[in-house]
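In the text below, chain A, chain B and the rest are named by the order of the sequence lines, each starting its count at 1. Please read these numbers as outputs of a predicted model, since none were measured by experiment.
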Number of protein chains: 2
Amino acid sequence: MSDRDDSVETIQRELTAFARRSRAAAARMHPELSLVSFALLAHLEDQRGCRATDLADRFLLNKSTVSRQVADLERLGLVERRPDPHDQRARILHLTARGAAALTQVSGHRRAAFRERLADWDEADLARFAAYLLRYNTSWPSADGSSRV
Amino acid sequence: MSDRDDSVETIQRELTAFARRSRAAAARMHPELSLVSFALLAHLEDQRGCRATDLADRFLLNKSTVSRQVADLERLGLVERRPDPHDQRARILHLTARGAAALTQVSGHRRAAFRERLADWDEADLARFAAYLLRYNTSWPSADGSSRV
DNA sequence: TTAATCTAGTTGTACTCTACAGCTAGATAG
DNA sequence: CTATCTAGCTGTAGAGTACAACTAGATTAA
């Protein structure tokens, strides 16, 4: 049972260390787009547009936070708001061409950094690591629209 | 080569998602101690005391940030500053008894949360996941005192 | 020894991210 | 039609962070 606890302890410690470093690293890598902005843009691309509320749910952010983030992104010309034909209160957010380009560029930087970090891993290890992370994140208690805290 | 890229992409996406959620989750789990404060205390325990500059280096934070964080922790009675006998400019930071207790408590919460998340993993997978994370973090380009950005 | 430089830490200032509360306007249920 | 609900925005406040300027002690060079 102690091996198991050791592993859990290591996983906790290393994931925490990673989380702690991420923001600073992301800020250094692309000062123009925070981790959250990046995630918002990525989700918009992924979903081909969605409402601000969806983003708030998805990312566990207050709707006021999303409102301001989106306003910034709109000011930067990366996102545009179109009225929702089915609900006059809502606006559907879409990536603009510039937004898509910015996302692509930042994604490229990130991907390059990760690829470099993982350059000397063999393929089987990569696949297993990816699978573990997926499995871990899938069990996230309060994301992806289910139980909110 | 495409499998490899897929894996890298997944690792990037899932680690990013994890990092994004961590702060909010940590704030919900123990509002009294931010992720950074927790990390600072943990490092102090680990090292049995160190200087503020060491913390700044370690965590890629500006020394002013560390100064304020430590001042807060001292105000909360979790940390104390003792003069460094070898350098009158420096102060060695130490956990107080209360600091150690707070750390233990928060660690316990975190550990419990992680243990629950990982409850249905078998031991071999846990060990491998832990090893992968360690390997990944060890190659972190600018932590642990080596190349700064 | 003395002056120049370096280092540890603090403080002033400013910006970003975030939450909560309260608001508006449109939507839906009774 | 009124009451309630929902999507989003704004006022306000607080935490975390960085950068620049500063103080005080340490180190190096002349």
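B/S7 and A/R128 share no donor-acceptor pair across their side chains, judged by distance under 3.5 Å alone.
Partners of B/E9 by side chain to side chain contact (heavy atoms under 4.5 Å, CB included), not counting sequence neighbours, listed by chain and number: A/R111, B/Q12. Listed by chain and number, the residues in a side chain to side chain contact (heavy atoms under 4.5 Å, CB included) with A/A19 are B/F18, B/S22, B/L35 (sequence neighbours excluded). By the side chain to side chain contact (heavy atoms under 4.5 Å, CB included) test, B/D87 is found to be paired with B/D84, B/R89, B/A90, residues two or more places apart in sequence or in another chain being considered. Residues that satisfy the side chain to side chain contact (heavy atoms under 4.5 Å, CB included) test with B/T104, not counting sequence neighbours, are absent from this structure. For the side-chain hydrogen bond (donor to acceptor under 3.5 Å, both in side chains) test, residues two or more places apart in sequence or in another chain that qualify with B/S37 are B/S34, B/Q69. With sequence neighbours excluded, no residue forms a side-chain hydrogen bond (donor to acceptor under 3.5 Å, both in side chains) with B/T53.
The two residues B/L55 and B/C50 come nearest to each other via the heavy atoms CD2-SG, 3.6 Å.
The list of side chain to side chain donor-acceptor pair (under 3.5 Å) pairs with a residue in residues 92-101 of chain A, not counting sequence neighbours, reads A/R82-A/H94. Sorted by first and then second residue, the side chain to side chain donor-acceptor pair (under 3.5 Å) pairs with a member in residues 39-51 of chain A read A/R51-A/D54; sequence neighbours excluded.
Geometric assessment of B/R110 against the ring of B/F38 yields a positive cation-pi assignment under the 6.0 Å and 45° thresholds.
As rounded to whole Å, 19 Å separates atom P of D/dT6 from atom CG of A/L55.
Within a 6.0 Å sphere centred on CD of B/E116, other residues, nucleotides and ligands contribute 12 heavy atoms or fewer.
Judged by closest nucleotide on DNA chain D, A/I92 is the one of A/I92 and B/S37 placed further toward the 5' end.
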Letter per nucleotide, 5' to 3', of nucleotides 17-25 of chain D [B base touched, S only sugar-phosphate touched, - untouched; heavy atoms, 4.0 Å]: SBBB----B
Atom pairs, protein N/O to nucleotides 1-3 of chain D N/O, distance under 3.5 Å:
none

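A nucleotide of DNA chain C counts as in contact with chain A when one of its atoms lies under 4.0 Å from a heavy atom; the first and last such, 5' to 3', are C/dC17 to C/dA27.
Using bins of under 30°, 30° to 60° and over 60° for the plane-to-plane angle, the ring pair A/W121/B/Y136 lands in the perpendicular bin.
Taking every heavy atom of residues 70-78 of chain B and every atom of DNA chain D, no pair lies under 4.0 Å.
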